[in-house]
J.: 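Handing you this structure, nothing more for now.
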There are 2 protein chains.
Amino acid sequence: MDRREVVDTALGILGRVGLPDLTMRRLGTELGVQQSAIYHHFANKQELLGAVADEILARGPHTDTGDAAGWLDQVRAACHDVRAAVLAFSDGADVVSSMFAFGLGGREAYDRVDKALAGAGLAAETEDVAVRTLLHFVFGHAIAQQTAEQAARVGAIDASSDPDDFAAGLGLVLAGVAAAATA
Amino acid sequence: MDRREVVDTALGILGRVGLPDLTMRRLGTELGVQQSAIYHHFANKQELLGAVADEILARGPHTDTGDAAGWLDQVRAACHDVRAAVLAFSDGADVVSSMFAFGLGGREAYDRVDKALAGAGLAAETEDVAVRTLLHFVFGHAIAQQTAEQAARVGAIDASSDPDDFAAGLGLVLAGVAAAATA
DNA sequence: ACCTGAACACCGTTCAAGT
DNA sequence: ACCTGAACACCGTTCAAGT
């Protein structure tokens, strides 16, 4: 058993039953091992979730827009890719967002958007603000969607979400970034 | 003991020691009551946290920009007010954001921003998208800040945050909203 | 080095019973 | 109606002991 196998199994549980059921006991059982054995590969659950967050992003789509595309289309594609990656697992947005905030994972999300945004020619500080602002929206929207889906399953809410809703919100933020780029 | 007293005590615990230590046992102890007694006033912990989220927003500042101010300044003030409210309690941003996503509280955040944004003359659907986009940023930024503070206390990260960082990111989003309003 | 087995110190929630 | 007391079914983490 190595770190990769633990992360793979954790992702399987996350995709099937979600974060509340991703317990060290269940993880140990599916690995055919005592839960305490996991602590020989990860210091604690949070460090494990950091590795899970990294793997969620790595497994997501990596759209190549081509060199002909402008920075705006590249940033849009990067945001859609990050969104697709975290939506592929139950509570994936929550896990990646939390681990990124804690500095324990999800760095790839920042790097991908940052790289795409480099062509905009913004000042370094403004570029950093723009990347984090975009990520707040991408993660926030995905968390809200996955939470609403969960709430609907419990019966607390009606689900019904507009599939174009994300693109519309992203368009608003990107319009603001574009305004800063031309100024 | 009534719901108001339970929420007040819960807010005290939240402000002093944060969400992980806001347990039903501790809440019962500080109320001078068995933990099970709380279930006579709230169906479960989540419903209680929904009421806590509402109270967090109610206790925050309610800046009056005056009638002379344009919708942009009013929206900016509403966002700063919501931010100040959730930052006043440890993990306040996380609680309010989660409860809002679950439909169990925090409705006032939406209503305040929505009311301020009404003067922009956006189409109803666009206005809704803009309000939720702004809230994703406001909540996301505050959660990241409170998480970073917590991580810094544990020693996982260096804290050092620019006090103008929020205003800069909000400015980007508002520029996008303004562009949609003039179009 | 890697894992077992057992324990420690907790959780949220339920429910019969009291007043 | 409101609360007690006790239990149920769990958690993450630690650690001596085995191989």
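In what follows, every chain begins at residue 1, and chains take the letters A, B, ... in the order their sequences are listed. Note that the coordinates shown come from a computational prediction; the quantities given were computed from them, not determined experimentally. Basis for what follows: all heavy atoms, side chains included, without hydrogens, waters or symmetry-related copies.
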J.: Can you confirm if the NZ or CZ of A:Arg83 lies within 45° of the ring axis of A:Phe166 and under 6.0 Å from the centre of its six-membered ring?
T.: yes

J.: Please convert DNA chain C into dot-bracket. A pair counts if it is Watson-Crick or G-U wobble with both distances under 3.5 Å; crossing pairs go in [ ] and bases paired with another strand get |.
T.: ||.|||||...|||||.||

J.: Rounded to whole angstrom units, what separation is found between the CG atom of A:Leu27 and the C1' atom of C:dC3?
T.: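 Those two atoms, CG and C1', are 15 Å apart.
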
J.: Evaluate A:Arg76 against A:Leu72 for side-chain contact (heavy atoms from CB on, under 4.5 Å), listing each step before the verdict.
T.: CA-CA 6 Å; A:Arg76 207 190 320 267; A:Leu72 225 162; 3.5 Å; yes

J.: Looking only at side-chain N and O atoms, does A:His41 come under 4.0 Å of OP1 or OP2 in C:dA1?
T.: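 The answer is no; no side-chain N or O of A:His41 sits under 4.0 Å from OP1 or OP2.
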
J.: To the nearest Å, give me how far apart CD (B:Glu5) and C1' (D:dC2) are.
T.: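 Taking atom C1' of D:dC2 as the reference, CD of B:Glu5 is at 13 Å.
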
J.: Parallel, tilted or perpendicular: which fits the ring planes of B:Phe100 and B:Tyr110, with parallel below 30° and perpendicular above 60°?
T.: parallel

J.: Check whether any side-chain N or O of B:His40 sits under 4.0 Å from OP1 or OP2 of D:dT4, and answer yes or no.
T.: no

J.: How would nucleotides 5-19 of chain D be written as a contact map, 5' to 3', with B for base contact, S for sugar-phosphate-only contact and - for no contact, using protein heavy atoms under 4.0 Å?
T.: B-----BBBBB----

J.: Can you measure from CG (B:Leu14) to OG (B:Ser90) and round to the nearest 0.5 angstrom?
T.: 6.5 Å

J.: Rounded to the nearest 0.5 Å, what's the gap from OG1 on B:Thr147 to CD on B:Gln145? Could you check?
T.: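 The CD atom of B:Gln145 is 10.0 Å from OG1 of B:Thr147, to the nearest 0.5 Å.
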
J.: Going by side-chain contact (heavy atoms from CB on, under 4.5 Å), B:Val173 matches just one of B:Val75, B:Leu134, B:Val138. Which one?
T.: B:Leu134

J.: Starting from C1' on C:dT4, measure out to CD1 on A:Ile38 and report it in whole angstrom.
T.: 13 Å

J.: With rounding to the nearest 0.5 angstrom, report the CG to CE distance, A:Asn44 to A:Met24.
T.: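 Taking CG in A:Asn44 and CE in A:Met24, the distance rounds to 8.0 Å.
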
J.: So, A:Glu55 and A:Arg3, do they make that salt bridge, N to O below 4.0 Å?
T.: no

